[in-house]
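Remember, predicted model here, so these are calculated numbers, not experimental data. Numbers here simply count residues along the sequence, with the first being 1.
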Amino acid sequence: MTQAAAAEISPREAEVLELVGDHLSNAEIAARLCISIRTVESHVSSLLRKLEVPDRRALARRAPVRGDAVPDRPAAVLPAPLTSFVGRARERAELAALLKEHRQVTAVGPGGVGKTRLALAVAADAAGVYPDGVWFADLVPVTDHGMIAAAVAGALGLGEQPGRDLAESVAAALADRDALVVLDNCEHVLDGVAPFVERLLARCPRLTVLATSRARLMVPFERVYQVPPLSLAAEGDSDAVALFMERAAAVGRPLDAALRGQIAAVCARLDGMALAIELAAARCPTLGLDGIAAALSHPLRMLTGGSRADERHRSVRAALDWSHALLEPADRMLLRRVSVFAAPFTAAAAAEVAGVEEGLVADGLARLAEQSLLVVAAAPGGTEYRALETIRQYAAERLAEAGEPDEVRSRHLRWCLTRATELQAAERPDWRAGFDQVADDLRAALAWAAERPERRADAFGLARRLAELAFTRNLTGESQRRFEQAAALASGPAESAAMLRQAAAVAGCRAAGDDMHRLRIAAATAAREAGDPAGAAVDLATAATMSFRYWATFVRVPSREEALTLMTAARKAAAGGDATAQAAQGDGPAALAAGDPATPAGGGPAALADGGPAALAALALAEAAVVTDAFGAVQGPADNVAVPETIACAERAVELAARTGDPLAESAALDALTCAHIWAGDTFAAAARSRRRVTLLSSLPPSPAVTHELIDALGMVTEAALGAGDVPDACRWARQLDAHPSLAEVGHRAPLMVDALAGNIEEVLAGSVRLLDAWRRAGSPARAHLGPAVAAVAMVHGLRDDHDAQRDWREILDRLDVSPERAHGYAAVFEGMLLLHRGQAREALERMAPEASEVWKWVSWIWHHWYVALRTEAVVLAGDPGARRHVTEARAAVAGNPVAEALVARAAAVLDGDRDALLATADAFDAAGCPYQSARTLLLAGGEHAGRGTAALAALGLAPKAVNIW
């Protein structure tokens, strides 16, 4: 960093830079600094420019470690041990050498040998070797294979990506990184870790993985390093003796060097096992070396591990047995009972779960910590305790021997249910931290309860609460899994159907169309089993609608024939038939009653008098979606010529949905009607319908279904307002959309489009940082729906004369979208606008060569008025002989759109040579919220006005172009 650049960075930017260096997301930085996510984006964008780096990763490398120091490489993201690391020079060198030669190394050894501490030391030493960082993921709290990716993603600071599970997000984030990832304590989830690591290594060619485990992972590329015990020689460099002496000194007086022989004898009895030595050293001030040696000589304790146990396991167990035997009975009881905690816990939590008075528990925890059986740490919520994994497992065995597991785990389950209920009711700013603190315990309690039929009701309640909490925490992948788990634990099919619908809604928020479709069909089956044919009909019809409405979120897009089959099954279910199971099992149309789903004669809405209002509304919406292709789905006809029929179907769906009293059903139907109006070219009707959707949804309490519908509605109302030329409203909706918590990690495409067309250049540059970061973390997928936002960013860089950035974004656009919509729709608008800015009117006219009516489907949507108006300007500035006719036709086509009207009026003023009329359009653009077009008007006016226009463009951050039209 140059001194000039450092001087330009504000104190707040310095704080943001430091947190970017800690690999926090924008949402986490905003929460930490108590500022908005958009403010964070602005600071990140500013830092990228000031430090002249291309992306967020490069920015993280410029973050200071402490003070004003700026490292060339990112600091290792590793936990800080509370005690010093002693010895192991040879082992550190050997393990480091293996990491240089092999992409995956597993440090193997028994519990207590020191695998974790050795791995941490080697990882810290290697931090300078890996340009993209060193990361540490502790798998101890992981209770099921599905949470492995979540633990690693948390270590990397990754949020969820819509349409991609966390394992994919982790692989995508590490795909091009030269980094080291440490996976600690893999042994209890080996079956899940092995495929996860294999997938990472295959996808990430420069990634190195260091695992610690009691058994090897058995994956390709693995190199096993057997972690030996500490060296035992009494004289010279004995690591075991050095460790004992240092730990004993930490809890008492330093030991005399003359005692090294006795210490070596104790360490030899413990086979040089690091954990056993630390436990023995903690007793030295009270027992002395003689007392320790005498206790460890007891033959029964040395054989506690059993005849087939590894000698080193028996030595650790001997030390644990000995430490345990020296405890007071109350402390033994407390140690075994707190073993049920999967995460650090407080004294209050321990008292509740152990069933002991809190004052007594606090004293007991302190004594256990003094004996090195618990680790103590200060936390925002108070002092926290945790047991090392080996000690926790030992204490759990003692819990089983005491016959207490069910009793204690039942209390732990009740504690978890209470904490989950409290979190759901909490509205504190530290809610997020509170959830993170107890999440692993909630998961562990659920795993225990789910295996016990007598706890089924509690397991269902905890699964549902955890699903809801995970959704609010934006852990949507886990939320979906927990809702599905709740469905499996439900007391009956009706309850199961409700949970499956929730899971489908979460899948929708994740942009996981295939899951959304599958879960709705599963809900239909459960509803039928519950004796709810109307509910089954709604689920089946909704599944059919989803396949058209959200087709872009599917990996395998259901065909129109499949959707029609679901509709036929829905009609039968609503009419009291029993086609639900056949549809759910994927039976073809021949297995269902025949009938044309487009007509009442074949069982349409008119034939379903007994189906209930919800079923009628859902079927009407399915007809609008599937039969008349209201949403313009990829599996629909390429040229929908039956627009009046589409509108009529959508209006019928809205009417029936309104009768249900369900705002979500009405919103979905209004979405179909909005799209139908857009296809018909009625931009203003589309904007009105989309505003009505948001009004319906805004007052509803949050839930997965509401969130899914509201985000879609906000995106639509933003784009529809932009299409109608209501830029101020479009900006307002865009800000609301951008601030939605569910989009904190990935953002939304609509705000970028609005800001680009308005001329809010700084907003585009800030938002593009998050868009690019999210897209890269998602694995750079080819998602056509991102095309308009990418084209908008490319145009802005072109307006700024940043040709390198413009080329980079155009290359991204080429990877995203090659559809006709790009050629004749949004890309023509953005590219035409840039060419006009550069004074290349003839090239702009060639780029927008077809009349809008010739390619109606691809320039309808929100682009119709913009296309017509910009093309008219190109016609006039290019000197086309038919310019006057074009102006006349354009006035009629864009009437009511203030921006497009001003564009056409400006073109007419240029054509007429009327400078006063031309200048009047500058005021119109200002009133319409388009500062860029206002400044361009001044440039076109020339003379003394050109200077003002140049200054206005410069204030926007754009490169002015001289345009001479007079």
Side-chain angles (χ1 to χ4, degrees), residues 110-114 229 240 243-244 247-248 250-252 255 262-341 350 353-356 360-376 385-405 407-408:
V113 76
L243 177 63
F244 189 102
R247 296 299 188 260
V251 294
L255 298 178
Q262 289 179 261
I263 295 171
V266 170
C267 292
R269 289 185 178 277
L270 297 173
D271 286 333
M273 298 294 284
L275 175 60
I277 290 170
E278 294 205 25
L279 291 172
R283 290 287 185 177
C284 195
T286 55
L287 293 179
L289 286 173
D290 292 343
I292 293 172
L296 291 176
S297 298
H298 197 296
L300 294 179
R301 293 203 178 101
M302 287 298 293
L303 297 175
T304 301
S307 59
R308 292 187 297 171
D310 184 282
E311 287 294 335
R312 293 174 187 163
H313 273 113
R314 290 208 299 272
S315 67
V316 172
R317 185 176 296 276
L320 289 169
D321 279 338
W322 165 66
S323 289
H324 186 259
L326 294 173
L327 295 174
E328 294 294 328
D331 291 347
R332 291 182 208 166
M333 177 191 70
L334 182 59
L335 179 64
R336 65 178 180 260
R337 290 183 179 182
V338 297
S339 69
V340 300
F341 284 103
V353 171
V356 180
L360 297 176
V361 163
D363 287 342
L365 293 174
R367 287 190 295 272
L368 292 173
E370 288 169 0
Q371 305 306 323
S372 296
L373 292 168
L374 293 179
V375 176
V376 187
Y385 303 84
R386 69 178 178 88
L388 297 177
E389 181 61 10
T390 301
I391 295 174
R392 192 187 69 80
Q393 291 178 8
Y394 174 88
E397 292 178 8
R398 302 286 77 76
L399 184 71
E401 290 175 0
E404 296 177 339
E407 174 191 348
V408 177

### Nearest atoms (heavy-atom pairs only) where L374 meets A387
CD2-CB, 3.8 Å
### Query
With a cut-off of 6.0 Å (strictly less than), are more than 12 heavy atoms of other residues, nucleotides or ligands near CD of E401?
yes
### Query
Where is the tightest heavy-atom contact between P285 and A282, given as atom of each residue plus distance?
CD-O, 3.6 Å
### Query
Considering all heavy atoms of both residues, which atom of P405 and which atom of A400 are nearest to each other, and what is their separation?
CG-CA, 3.7 Å
### Task
Can you measure from CG (D363) to CD (E328) and round to the nearest 0.5 angstrom?
12.5 Å
### Message
A side-chain contact here means heavy atoms from C-beta on lying under 4.5 Å apart; do Y385 and V338 qualify?
### Response
no
#### Entry: Inter-residue atom distance R392.CZ - E397.CD, 0.5 Å rounding
11.0 Å
## Note on the structure
CG of D331 to CG of L373, rounded to nearest 0.5 Å, is 9.5 Å
### Closest approach of S339 to A395 (non-hydrogen atoms, all atoms of both residues)
CB-CB, 3.6 Å
### Task
Give, for atom CG of L335 and atom CZ of R367, the distance between the pair rounded to the nearest 0.5 Å.
12.5 Å
### Query
Measuring from L368:CG to L334:CG, what's the distance to the nearest 0.5 Å?
5.5 Å
### Message
So, using side chain to side chain donor-acceptor pair (under 3.5 Å) as the criterion, who are the partners of E404 when residues are at least two apart?
### Response
R336, R337
### Query
Does the side chain of H324 reach to within under 4.5 Å of the side chain of I391, using non-hydrogen atoms?
no
### Check against side chain to side chain contact (heavy atoms under 4.5 Å, CB included), M333 and L327
CA-CA 9 Å; M333 177 191 70; L327 295 174; over 6 Å; no
### Task
Identify the heavy atoms of A281 and R247 that sit nearest to each other, and give their distance.
CB-CB, 3.7 Å
